[in-house]
Undergrad: 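Structure below; questions to follow.
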Amino acid sequence: MSRYDSAKEIYAALGVDTEEALEKMAAVPVSIHCWQGDDVIGFDSTGSLSGGIQTTGNYPGRARTPDELMADIDKAFSLIPGVKKLNLHASYAIFDGERADRDSIRPEHFKKWVDFAKERGIGLDFNPTYFSHPMVKDNLTLTSPDETVRKFWVEHGRRCIEISQYFAEETGFPCLMNIWIPDGFKDIPADRLSPRMRYKKSLDEILSVPYDKSKVYVSVESKVFGIGLESYTAGSAEFTMAYTMKNGLVPLMDNGHYHPTELVSDKISSLLCFNEKVGLHVTRGVRWDSDHVILLDDETKEMMREIVRNDALDRVFIATDYFDASINRISAWVTGVRNVRKALLYALLEPSKAKKALQEKGDFTSLMALGEEEKTLPFGDIWNEYLSRNGMADSFIADIKEYEEKVLVNRK
Ligand code: RNT
Ligand code: ZN
């Protein structure tokens, strides 16, 4: 008997169908962030990252051009099984001739990405880029008291809606457009309300452009603080939650954007009570929003379990968001995205019905015992079966090292 067949029997004894789990897991789209490949630099600016976020490390091989980034994405994708989307930022516009500023970018500046997606049969998601740009004034964009600055960024948002709709129409897959602004203050503000009122007004102005709501979903991402913006963040959890719910948008939680003892896994169900759709940025914060590579850790598993247990796989947009420049960037991509999928499989293999029944009965003794029993089930055999059905193996490092030696080291 193969290891998989034996594992299948062990799970079946707990009432878990491994074939069904494999099938469901493979079909869940994971939106993969393009910015792991080039340290969030993009192609439209001077090359320094602002907005209170930071990439650390100088491992060789950063993608410097659209061609390099696309080649690296292909390499990563070849080692990542399952349904994928590619998540782009506006700063990844590709200019052939004349450059366009953020308030005048158009669909044609993303045609190469659309061709890339179509050739691979995948969907695209999008993010306006409210950082790394000279029009960010005093760390403010959509909340700026300077009308020239605020209007510039409103126009950027409006351009991005048009581009998102173009993505959806061209690829045939809906596009999630996620708005995140870094706006905030390093030190204690005298007025917390005015910037938030301006953020609200700016969002209203952006969203007043007509767009097809069956093709473009708009999410707003909250945050607690950024580097250099420790005292106040305009787009807080409460602001974002209230705005998205009032306007029928998608609230998006990044699990690096809360105080370290707060868990996004505990928040998902609350949002599901009141929202048809919820967005997630899956990341790993170490002491702060450090955006380390996603591991198969308890919180990643618990977040995926909350989606699966609540039967919300078609209600939650799952995207990755991390950036590590201290290790091979392609390996970082593969490790992190595979771990989201591993966690999804782990979640689908939970004997959830039985555990929910124990909770309802108040039998917390059996619930704890079963929960611990589960931890040593032969999960790895199911995961390896999935990889081998996709022509992949758990170990991929030799392949990445070969690409590093052939391609990455030559980027000097
Ligand atoms: C920043 C947010 C945001 C960015 C990307 C690049 O803290 O998480 O999602 O990481 O837009
Ligand atoms: Zn994020």
Side-chain angles (χ1 to χ4, degrees), residues 30-45 47-56 63 69 85-93 102 124-133 136 139 141-142 153 156-157 160 163-164 175-184 218-230 232-237 239-240 244 250-260 262 264 267 278-294 299-300 303 316-325 329 332-333 336-337 340:
V30 174
S31 187
I32 303 169
H33 60 310
C34 75
W35 51 92
Q36 164 56 43
D38 77 330
D39 310 342
V40 211
I41 300 297
F43 306 129
D44 77 339
S45 57
S48 68
L49 180 60
S50 81
I53 54 179
Q54 225 164 60
T55 310
T56 54
L69 187 60
K85 287 182 96 182
L86 179 63
N87 201 3
L88 295 172
H89 243 284
S91 51
Y92 291 80
R102 298 244 177 109
L124 291 170
D125 289 324
F126 201 44
N127 303 261
T129 310
Y130 291 106
F131 53 82
S132 305
H133 191 280
V136 181
N139 299 314
T141 64
L142 293 177
W153 291 111
H156 178 56
C160 287
I163 294 162
S164 299
C175 172
L176 180 70
M177 187 187 101
N178 177 52
I179 299 175
W180 168 72
I181 60 166
D183 297 34
V218 175
S219 63
V220 187
E221 176 180 7
S222 67
K223 189 161 177 172
V224 61
F225 80 93
I227 296 291
L229 307 163
E230 288 84 358
Y232 170 87
T233 291
S236 61
F239 176 94
T240 307
T244 51
V250 180
L252 187 142
M253 296 187 290
D254 178 312
N255 63 302
H257 292 188
Y258 297 85
H259 286 289
E262 277 186 89
V264 163
K267 299 176 191 295
V278 172
L280 284 184
H281 271 184
V282 186
T283 186
R284 178 168 56 106
V286 177
R287 302 187 191 281
W288 69 288
D289 182 26
S290 58
D291 287 300
H292 278 64
V293 177
I294 302 163
E299 177 58 358
T300 308
M303 284 196 286
V316 180
F317 295 100
I318 303 173
T320 49
D321 180 16
Y322 56 84
F323 20 98
D324 193 335
R329 293 172 184 79
W333 251 323
V337 182
V340 172

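Indexing begins at 1, ligand by ligand and atom by atom, following the structure's order. A quick note: this is a predicted structure, and the numbers were derived from the prediction, not measured.
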Undergrad: His89 and side chain to side chain donor-acceptor pair (under 3.5 Å): which partner among Asp125, Thr129, Asp44?
TA: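 The side chain to side chain donor-acceptor pair (under 3.5 Å) with His89 is passed solely by Thr129 among Asp125, Thr129, Asp44.
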Undergrad: So Arg329 and Asp39, do their side chains get closer than 4.5 Å, heavy atoms only?
TA: yes
Undergrad: I need the contact type for Thr283 against ligand 1. Using non-hydrogen atoms and a strict under-4.0 Å cut-off, is it side chain, backbone, both or neither?
TA: neither
Undergrad: Can you spot which of Thr141, Asn139, Leu229, Thr233 makes a side-chain contact (heavy atoms from CB on, under 4.5 Å) with Asp183?
TA: Thr141
Undergrad: Using a 4.0 Å heavy-atom cut-off, say whether Lys223 meets ligand 1 through its side chain, its backbone, both or neither.
TA: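 Under 4.0 Å from ligand 1, Lys223 contributes side-chain atoms alone.
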Undergrad: So for His33, does at least one of its heavy atoms come nearer than 4.0 angstrom to any atom of ligand 1?
TA: no
Undergrad: Asp254 heavy atoms, cut-off 4.0 Å: which ligand 1 atoms fall inside?
TA: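 Per the distance check, 8 (O).
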Undergrad: Within the 3.5 Å criterion, strictly below it, is a donor on Ser290 or His292 matched to an acceptor on the partner's side chain?
TA: yes
Undergrad: Quick one: nearest non-hydrogen protein atom to atom 10 (O) of ligand 1, plus distance?
TA: Asp321 OD2, 2.8 Å
Undergrad: Please report whether ligand 1 has a polar contact with His257, defined as an N or O pair separated by less than 3.5 Å (distance criterion only).
TA: yes
Undergrad: If we ignore angles and hydrogens, is there a donor and acceptor under 3.5 Å between the side chains of Asn127 and Asn87?
TA: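 Checked: Asn127/Asn87 side chains pair up, N/O donor to acceptor below 3.5 Å.
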Undergrad: Could you check atom 9 (O) of ligand 1 against the protein and tell me its nearest heavy-atom contact, residue, atom and distance included?
TA: Glu221 OE1, 2.8 Å
Undergrad: Under 6.0 Å between ring centres: does that hold for Tyr92 and Trp35?
TA: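 Ring centroids of Tyr92 and Trp35 are no less than 6.0 Å from each other.
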Undergrad: Step by step, work out the side chain to side chain contact (heavy atoms under 4.5 Å, CB included) result for His33 and Tyr322.
TA: CA-CA 8 Å; His33 60 310; Tyr322 56 84; 3.5 Å; yes
Undergrad: Just verifying a value: how many Å separate His259 NE2 and Trp288 CH2, rounded to the nearest 0.5 Å?
TA: 15.0 Å
Undergrad: Are there any protein N/O/S atoms under 2.8 Å from the Zn ion (ligand 2), and if so, which?
TA: Glu221 OE2, Asp254 OD2, His281 ND1, Asp321 OD2
Undergrad: Determine whether any heavy atom of Ile53 lies closer than 4.0 Å to an atom of ligand 1.
TA: yes
Undergrad: Which of the numbered atoms in ligand 1 are under 4.0 angstrom from any heavy atom belonging to His89?
TA: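 In order of numbering, the contacting atoms are 5 (C), 6 (C), 11 (O).
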Undergrad: So which of Asp289, Asp254, Asp321 actually passes salt bridge (charged side-chain N to carboxylate O under 4.0 Å, His left out) with Lys223?
TA: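 Among Asp289, Asp254, Asp321, the one that satisfies the salt bridge (charged side-chain N to carboxylate O under 4.0 Å, His left out) with Lys223 is Asp289.
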Undergrad: Using distance alone, with no hydrogens and no angle criterion, decide if His133 and Ser45 have a side-chain donor and acceptor under 3.5 Å apart.
TA: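 His133 vs Ser45: no donor-acceptor pair found between side chains.
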Undergrad: Output the list of atoms in ligand 1 that are nearer than 4.0 Å to some heavy atom of His281, sorted by atom number.
TA: 9 (O)
Undergrad: Mind checking what makes ring-ring contact (aromatic ring centres under 6.0 Å, His included) contact with Phe239, not counting sequence neighbours?
TA: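 Phe239: ring-ring contact (aromatic ring centres under 6.0 Å, His included) contacts with Tyr199.
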Undergrad: Under 4.0 Å from any heavy atom of Asp289, which atoms of ligand 1 are there?
TA: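 What qualifies from ligand 1 is 7 (O).
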